[in-house]
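All remarks here apply to the structure that follows.
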2 protein chains.
Amino acid sequence: MAQLAGVSVTTVSRVINDYPHVSKAKKDKVFWAMDKLGYVPMQAARQMRGSGSQTIGVVVPEIINPFFSYLINAIERTVDKLHYKTLIIQTFGRKQNELTALDYLKRHQVDGIILCALENDWDIIKGYQKYGQIAVCNEYVDEDTIPMVIGDQFNGLRQGTEYLISKGKTKIAYCTGRDSLLLQQRGKNFDSDRYLGFTTALQAHDLSFNPAWLFTNAHSIEDGQAILKQLSQMAQKPDAIITGSDEVATGIVSLAKSLNIQIPQDLSVLGVDDQPLAKFLSYPLTTIRQPITQMGQQVAEVLIDNIKGTTEPAQKIKLDLQIVPRESA
Amino acid sequence: MAQLAGVSVTTVSRVINDYPHVSKAKKDKVFWAMDKLGYVPMQAARQMRGSGSQTIGVVVPEIINPFFSYLINAIERTVDKLHYKTLIIQTFGRKQNELTALDYLKRHQVDGIILCALENDWDIIKGYQKYGQIAVCNEYVDEDTIPMVIGDQFNGLRQGTEYLISKGKTKIAYCTGRDSLLLQQRGKNFDSDRYLGFTTALQAHDLSFNPAWLFTNAHSIEDGQAILKQLSQMAQKPDAIITGSDEVATGIVSLAKSLNIQIPQDLSVLGVDDQPLAKFLSYPLTTIRQPITQMGQQVAEVLIDNIKGTTEPAQKIKLDLQIVPRESA
């Protein structure tokens with residue numbers, strides 16, 4: 001590069017490292033040669049001088065789920081105001097994709113990472129904290145050193161269940177997106193907290209849960225349709241269902257008419273998320289709204305504060321969910 | 001690093017550059033020291049040895065629009081099979097965000113970029129072709145050296161308009177997401193092609209277009225609601241509307257009942273995209289389906305072929321749109 005620019009190696013080094021006292025003419029020559037050779041000073045080199053990549057990574061399971069696309073939107077609009085750029089990475093539930101994202105941190109291509117998915121064991125993720133800031137959003141992490149912004153799943157589901165009971169429903173089915181339900185102490189685990197909220201409300205009204213009404217792996221509109229078909233053939237039918245997502249709720253209400261099931265009289269359907277289209281469906285969805293915008297804003301602010309060197313203990317922020325009553329329940 | 005690993009500088013260099021004939025014991029020492037120091041061989045260095053980042057960048061306007069989240073999904077699922085990783089970047093319509101994405105190409109942090117948004121002039125984007133492969137998806141590009149995969153907007157909108165006319169509609173309103181309509185020769189411009197398809201169908205039936213029925217900046221559900229309010233106060237009312245997106249169509253049908261407008265008798269509403277929820281709305285949307293999955297697959301395959309060194313002239317692929325008749329028109 002020095003040869004091409006017609007300057008000394010020292011001058012090239014000074015320009016790249018942004019030292020003072022280099023003439024504009026020499027700088028221009030070096031920049032011209034850099035461009036010619038396709039050379040850009042490495043992020044890592046800049047990082048060592050403390051300027052950083054001014055970029056954060058956001059890791060989500062998949063963006064076709066509007067919960068995550070709107071969460072990313074809230075995060076990116078916040079970091080944008082703080083002059084940071086955003087890279088988005090999908091895991092599709094795979095450990096390797098999450099490690100790829102964490103490698104961007106290791107290579108200093110991002111200054112921080114917001115994990116809205118947790119695929120690897122925390123012991124593995126922790127190993128990357130030495131390369132930059134990590135914050136977790138939506139998922140629960142039982143670890144003192146990591147900031148976390150979550151929705152209060154326990155109380156959200158407890159209130160949703162109370163709402164159904166207040167409408168006279170006593171036989172409530174329950175769906176989860178996972179392939180199993182791992183029950184833990186309250187506050188340790190997203191899915192466990194949802195289920196504990198549900199069963200706490202049942203117990204308060206001396207109601208019991210029929211294990212035949214537990215549906216796992218429920219994600220999509222098609223899953224919801226399959227669940228309603230199963231329900232319609234049961235001898236003991238539930239009179240309400242907590243779906244875990246508006247997609248599943250949409251699938252259930254979409255087939256109700258053709259299966260001769262009246263919504264909400266025969267079956268109340270409770271969604272989760274309050275997607276933008278939830279209120280425009282043939283049966284507008286009663287749903288548990290998640291505080292997506294607040295979650296995104298707050299986790300972004302916490303992460304950037306930490307990148308800038310705030311040394312407070314890692315914050316744990318819990319935000320309220322809210323019942324949105326419409327026609328489906 | 002050599003000091004920490006207890007090996008010679010030459011050995012470190014050999015390990016980093018993946019030379020043969022280095023003992024496993026020495027390699028392990030160097031890898032341990034690399035990890036200790038947070039050092040990762042630079043992408044650019046690897047690139048010079050020809051291995052590449054095995055990563056592509058996908059640039060879209062914004063992922064909360066399901067058209068783009070599903071397009072990314074199709075792209076990522078395809079490149080994944082070809083053992084490439086994906087980084088997603090949103091432009092929000094800004095030139096600078098697109099340049100940031102193109103800089104990843106310049107720094108060899110990605111091997112190729114798929115632009116599903118075009119913010120900068122093509123002359124600027126072209127300057128980045130020397131750093132890696134660029135392909136365009138959904139947007140039109142009038143440039144021989146660039147592969148492009150688009151939907152046939154002209155024929156899609158022509159057929160959509162023909163469909164409305166076949167249902168007896170003659171006074172058709174038209175919405176665009178842009179703040180103006182730049183008309184060009186057919187095949188040069190996405191929005192122009194849509195509008196030319198619309199007016200070509202009108203002309204074939206000796207129908208004219210009332211300029212009062214052109215709505216610009218129409219993106220969201222709220223925009224659709226505002227348009228219906230305007231329409232309802234017009235002395236001369238259209239009997240059909242081409243909305244440009246399912247969001248705008250959703251907004252229009254959502255207010256119809258309260259404004260005493262019968263869908264489709266008083267007003268036929270034609271969406272574009274066929275979003276997953278379009279068929280579950282209170283008035284299931286008649287819409288023009290875009291070939292999202294095919295577009296994503298094909299542009300991903302073309303880009304990876306080019307990264308791997310296929311030297312055929314840049315392909316131009318045009319895919320058919322399809323009318324999906326439901327209740328709103």
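Chain letters run A, B, ... following the sequence lines, proteins first, then strands; residues in each count from 1. Please read these numbers as outputs of a predicted model, since none were measured by experiment. Values below: every heavy atom of this structure, side chains too, minus hydrogens, waters and symmetry copies.
Of the candidates B/I63, B/I89, B/I72, B/V58 forms a side chain to side chain contact (heavy atoms under 4.5 Å, CB included) with just one, namely B/I72.
Checked against salt bridge (charged side-chain N to carboxylate O under 4.0 Å, His left out), A/K126 has the following partners two or more places apart in sequence or in another chain: A/E143.
In this structure, CD in B/Q90 is found 11.0 Å from CG in A/L87, a value given to the nearest 0.5 Å.
Neither the backbone nor the side chain of A/N65 comes within less than 4.5 Å of any heavy atom of chain B. In this structure, the portion of A/Q275 lying under 4.5 Å from any heavy atom of chain B is its side chain and not its backbone. If you measure heavy-atom distances from B/Y104 to chain A, the contacts under 4.5 Å come from the side chain alone. With a 4.5 Å cut-off on non-hydrogen atoms, A/E62 touches chain B through its side chain but not through its backbone. Heavy-atom distances place the side chain of A/F92, and not its backbone, under 4.5 Å from chain B. Interface residue A/T100: only side-chain heavy atoms are found under 4.5 Å from chain B. Contacts between A/I221 and chain B at a heavy-atom distance below 4.5 Å involve the side chain alone, from C-beta outward.
A/S328 contributes a side-chain N or O that, together with a main-chain N or O of A/T286, makes up a donor-acceptor pair within less than 3.5 Å.
Looking at heavy atoms from C-beta onward, B/D80 lies in side-chain contact with A/R94 at the 4.5 angstrom threshold.
Summarising the local packing, NZ of A/K229 is surrounded by 12 or fewer heavy atoms from other residues, nucleotides or ligands at distances under 6.0 Å.
Chain A forms more heavy-atom pairs under 4.5 Å with one residue of B/I88, B/T55, B/T250, B/T86 than with any other, namely B/I88.
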